[in-house]
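Remember, it's a predicted structure, so these values are computed and weren't measured experimentally. Every chain is numbered from 1, with letters handed out A, B, ... down the list of sequences. The basis for the numbers below is simple: all heavy atoms, side chains too, and nothing from hydrogens, waters or symmetry mates.
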Amino acid sequence: MEKHNNSRSPESQRPFIVEKTSGEMETIGGTVSVEINEKKMSVPLGTTILEACRKNQVHIPTLCYHEDLCIAGVCRVCVVEVEGMKTLQTSCSFPITTPIKIHTSTPQVRKARRHIIDLLLSEHYGECYTCSRNLNCELQDLAKEYGVDGFTFGHIEAPKYSIDRSSPSVIRNMNKCVLCKRCIRTCIDLQEVGVLEALNRGHDTRVGTFLDKPLADVICINCGQCINRCPTGALKANDPSDEIWRAIDDPQKHVVIQTAPSPRAAIGEEFGEEPGHSFTGELNTALKRIGFDRVFDTNFSADLTIMEEGTELLNRLKKALVDKDESIKLPQFTSCSPGWVKFIEHFYPEYLDYLSTAKSPQQMFGALIKTFYAGEAKIDPADIVTVALMPCAAKKFECNRPEMDASGFRDVDYGLTTREMARMIKEAGIYLPEMPKSHFDEPFGDASGAGLIFGATGGVMEAALRTVYELVTGRAVPFKNLDIIPCRGFDGVKQASVMLENCVEEYKFLEGVELKFIVAHGTANAKKVMEMLRNGELNDVHFVEIMACPGGCLGGGGQPIPTSSEIRMKRAQAIYEEDASLEIRKSHENPHVKYIYENFLTEGPCSQLSHKLLHTHYTKRGKYIS
Amino acid sequence: MNSILTPKKRTGPVLFSEYKRGDGIVKAISKSREDILFELKSSALKGRGGAGFPTSTKWMLTAAALADKKYLVCNADEGEPGTFKDRVLLLEYPELVFDGMVIGGYTIGAQTGIIYLRGEYEYMLEYLEEYMMRMREDNLLGNDILGKKGFNFDISIRLGSGAYVCGEETALIESLQGNRGEPRNRPPYPVNTGYMGCPTSVNNVETLASVPHIITKGGAWFRQFGTDKSTGSKLFSVSGDCGRPGVYELPWGTSIKQLLKIVEAKDTKAVQVGGASGICIPKSQFDRILAYEDAATGGSIMVFNESRDMLKVLKNFLEFFVEESCGQCTPCRIGNVKLLEGVELIEKGEFTFSYINTLKELGRTMQVASKCGLGQSSPNSFISILENFKDEIFHTNGKVKKNGKA
Amino acid sequence: MLVFEKNKLSEDIESFVEKYGSDRSALLPVLQSVQRKYHHISDFAQQEIARLMNIHPVEVHSVISFYTFLHEEPQGKNIVRLCKTISCDLAGKSEVEKAVQRELGIRFGETTKDQKVTLEHTNCLGMCDQGPAMLVNEKVFTNLDPENAVKILNEIR
């Protein structure tokens with residue numbers, strides 16, 4: 001992992017690679033012995049005071065510090081006394097290069113921290129009771145830790161800013177902002193989208209967009225990574241739970257929910273469980289008890305996506321290699337991440353033809369539910385309300401895209417995040433971890449492990465390979481246990497390949513072809529890949545998987561807060577473990593998928609009916625903001 | 001009405017003493033870098049922008065840093081209220097400033113010098129550019145300066161755009177890099193990681209102007225002026241209620257009383273030493289001396305006579321800081337506003353002494369917890385004025401408002 | 001903005017970027033040049049600069065909003081900046097302020113209807129020994145009183 005570069009100014013231009021590959025810190029040229037709170041210890045040269053303290057169980061409160069992001073040093077909460085220096089130093093940014101003596105909790109330090117919290121509270125407009133981050137707010141935690149029992153510097157009486165509710169995904173309430181700049185560092189440094197920055201100077205400083213336009217009017221891709229890192233309720237997702245409750249309570253409506261694997265791997269965190277355990281079965285029971293009429297598994301439509309996208313890839317390969325069609329665009333890019341789709345629509349609209357035309361699993365499912373399922377269950381599709389439980393903030397935008405109405409109705413009515421789902425469950429008085437397990441409902445049933453691993457970065461690629469390789473060669477992928485390790489892990493851009501040999505008759509044109517693929521996660525890495533495409537470096541690559549969020553969907557904008565690389569790794573482990581525990585591990589072996597193709601989409605993948613329901617088109621949006 | 005170039009014959013012990021353009025450079029390139037650093041060290045020259053960091057140390061650290069590129073930046077972002085000495089130096093004694101930069105470049109091993117000229121001084125730009133052109137013609141800038149093979153140094157001028165905070169060295173570097181002028185985290189310091197990540201020495205105009213004198217006349221000569229800890233002289237820009245405002249060069253160690261006599265100030269109640277970020281000295285303390293160890297200043301001296309309302313003065317300073325704060329760190333961004341609100345409460349007579357004490361404590365927190373010098377020194381005037389003029393401000397003896405009455 | 005105006009602006013920006021460079025450290029000189037020529041940096045200009053210098057538009061917007069001398073809203077042909085810091089304040093800035101406002105018919109912070117003059121307050125200009133002082137564009141005028149301040153303004157109108 002790239003070590004923090006402490007010389008960077010707060011608003012840096014350089015991208016930051018998020019995931020650790022190993023837990024050890026490298027020793028750059030030796031160690032320094034320091035004294036922290038009169039305890040001697042030895043640390044590698046260049047360690048920040050905060051890192052040294054955290055490794056040695058010394059607690060220092062922080063606010064603007066976030067391990068995924070570059071260092072800001074603006075909140076001044078983490079200040080400590082360093083002997084010999086007349087001002088207090090921020091522990092998050094101070095690199096230890098000489099033997100120094102540090103005191104983390106002197107009266108001066110405590111008073112300073114208390115003043116800073118009081119100052120932040122004096123400007124923080126909003127009540128905890130009505131806030132979406134009540135009980136999960138870093139400002140609340142600090143106030144509690146420092147025993148705040150009054151507003152020393154007064155309290156703001158009226159809101160300074162109006163709330164930006166324009167975006168279907170992210171709601172900005174700058175009255176609660178503490179100007180920690182985490183959202184800015186996420187948007188500019190981590191994701192390299194560049195929608196949020198600090199505007200004005202001094203007391204008028206606020207986080208804003210270009211020309212202060214509403215979020216919906218600028219190039220926000222709705223990835224929601226800013227929400228995950230905001231310490232307060234200044235940023236939150238657009239919560240449709242009230243409307244969903246209304247639908248559930250309406251006897252006329254048939255409310256159906258599809259759940260994705262990443263929320264199931266993370267929802268336990270909202271109930272106090274350690275990250276790394278999937279509560280799939282428990283969630284099914286809980287949802288039925290809440291009142292959802294049917295609970296479906298998005299992994300089913302993930303399997304369907306593999307069939308459609310895999311067939312599309314093979315069709316493209318055939319046209320390129322056999323028909324020598326120059327207009328065919330390769331590599332084919334996955335299109336199931338709506339944040340990535342909006343990213344390429346804004347930043348690389350000239351390359352839209354490279355995207356697979358397959359919809360995301362959520363949207364495919366929506367179309368099928370209001371056509372196929374409505375027919376099977378004999379329910380009027382106008383009475384069906386589809387809710388999608390997703391780890392994603394961008395899915396809220398995706399389900400409202402005008403073209404997503406192939407069923408004749410809005411294919412998916414509501415996108416619900418993991419956090420919002422947990423709240424609904426708690427509101428219904430259910431304690432999730434203790435629920436008995438149950439299965440998903442027919443006619444879609446339980447899905448394959450290939451669909452499940454969509455939640456992790458590299459999962460779509462791995463699922464696609466398991467099917468495509470077998471379709472082409474008639475054999476299973478040559479990896480132990482079907483675990484395609486080169487696809488796994490948190491490296492920003494992974495490149496690997498698999499040799500296609502001894503192919504079946506139908507795919508003889510792929511004999512000897514080295515199927516090359518790339519996996520990238522986080523839009524900063526997506527940008528890298530697109531620049532490689534622009535420079536002609538991807539001429540012999542066939543398939544690229546891109547997820548907009550660092551870590552893949554398991555790190556999505558709707559997942560439980562807080563997030564860190566450690567938490568994301570544990571969620572990935574949960575997902576891969578669940579996959580390994582299933583009987584069916586390949587999309588094309590999912591019996592329900594076979595059923596669909598035999599009884600509904602009888603012309604097969606990428607046929608005309610499939611195209612109508614399961615494929616989509618994109619919009620060139622460009623970067624210009626009028 | 002344009003009085004920028006009124007040629008005055010100024011007198012003073014160091015800076016305004018005799019100097020011929022180019023002499024400093026000639027002497028410098030005949031010596032080694034180590035010799036120059038030694039000379040500077042023996043002069044004990046400290047930064048003249050107000051912070052007072054030993055210049056020889058700064059240049060030594062920059063010289064010692066290993067890098068292909070190094071920069072020498074001249075901080076001409078003179079924004080402290082009451083300071084106008086750099087304006088005088090740049091317009092009337094450019095030879096000192098530019099020769100100082102060349103010597104600096106030679107000493108630290110920089111090839112590029114940058115002058116960060118505040119946007120309000122744009123009227124000087126053409127004049128300075130022309131001056132540099134003549135220097136280039138005379139081989140005092142450019143390649144192989146004055147025949148010294150391999151010594152290439154050139155200067156470019158960059159304008160500021162109206163931000164006082166850009167006078168802080170890391171904010172200045174951020175501004176040069178095209179960012180918001182927000183100070184950086186230190187350490188690492190600019191001498192190691194400065195402009196574009198390269199070792200950079202940011203020096204005040206007056207500091208650079210002192211260098212040619214030290215090089216030509218020697219560190220020991222410089223040392224004879226001033227005090228032990230504050231060697232040499234200082235340019236004081238005096239304004240306010242005095243008979244002869246203007247720029248004066250006086251040795252460090254001059255007492256305030258002596259200064260007031262020189263500028264013909266009468267009925268002085270208070271002297272603000274160090275601009276808005278300095279301290280306010282009442283009549284009872286006029287025996288204090290101007291020096292880094294006592295009343296330190298970047299040069300700004302503002303004189304207030306008996307008729308002035310000290311609360312209004314304080315309010316003016318705090319309004320200044322509220323407007324000029326960069327807004328990054330919590331204590332300065334919100335703290336300054338709270339201090340200003342406190343002054344407004346005093347004006348209206350709606351304060352309590354316990355709240356004022358809380359604000360004083362807040363001031364002390366700001367002094368240690370703020371990210372840069374602006375936040376660290378903005379409470380100085382608040383604390384010193386409320387302390388030294390408490391009779392006038394809080395009781396009805398003075399002409400100050402209390403409970404709405406004058 | 002009309003098409004030919006946009007084209008002219010784009011051309012100018014391209015020439016500034018060529019002169020100062022296209023990396024981030026050239027941003028301020030480019031912005032200052034656009035400000036000098038067009039008296040403000042419009043949203044179209046900001047996006048052009050962002051495109052040519054490979055910066056996010058919101059970052060250009062953020063830098064402009066930070067510095068007092070860079071504006072997004074159109075300013076008058078002449079910007080008058082009157083110093084409001086303490087030395088000029090004590091030397092009689094309020095009278096000059098009132099006279100100027102009366103003469104031009106606008107308050108500080110506004111622009112005259114004919115777009116000729118914008119009035120602004122500013123902080124210490126470095127003319128404290130000759131206050132009150134004001135900047136008219138880049139020229140500085142000192143030792144002001146209500147009469148000569150008005151005279152100066154009438155000369156520029």
Counting only heavy atoms not in [X], do more than 12 sit closer than 6.0 Å to its [atom1] atom?
X      : atom1 : value
C:K116 : NZ    : no
A:E350 : CD    : yes
C:D114 : CG    : yes
A:K527 : NZ    : yes

Worksheet item: At their closest point, which heavy atom of A:F210 faces which heavy atom of C:V58, and how far apart are they?
Response: N-CG2, 3.4 Å
Worksheet item: For A:A198 and C:S62, which heavy atoms make the closest approach, and how far apart are they?
Response: O-OG, 2.7 Å
Item to complete: Measure A:I219 against the heavy atoms of chain C and call it side chain, backbone, both or neither at under 4.5 Å.
Response: neither
Worksheet item: Side chain, backbone, both or neither: which part of A:V218 has a heavy atom under 4.5 Å from chain C?
Response: neither
Worksheet entry | Separation of C:H56 NE2 from A:E192 CD (nearest 0.5 Å) | 6.5 Å
Practice prompt. Measure the shortest side-chain to side-chain distance between C:R51 and A:Y624 over non-hydrogen atoms and say whether it is less than 4.5 angstrom.
Written response: no
Worksheet item: Hey, does the side chain of C:E59 reach the backbone of A:G194 with a donor-acceptor pair shorter than 3.5 angstrom?
Response: no
Item to complete: Verify, without hydrogens or angle tests, whether C:H61 (side chain) and A:L199 (backbone) share a donor-acceptor contact under 3.5 angstrom.
Response: no
Worksheet, complete the sentence: One option among A:T205, A:L211, A:D204, A:T209 has the most heavy-atom pairs under 4.5 Å with chain C, and it is A:L211
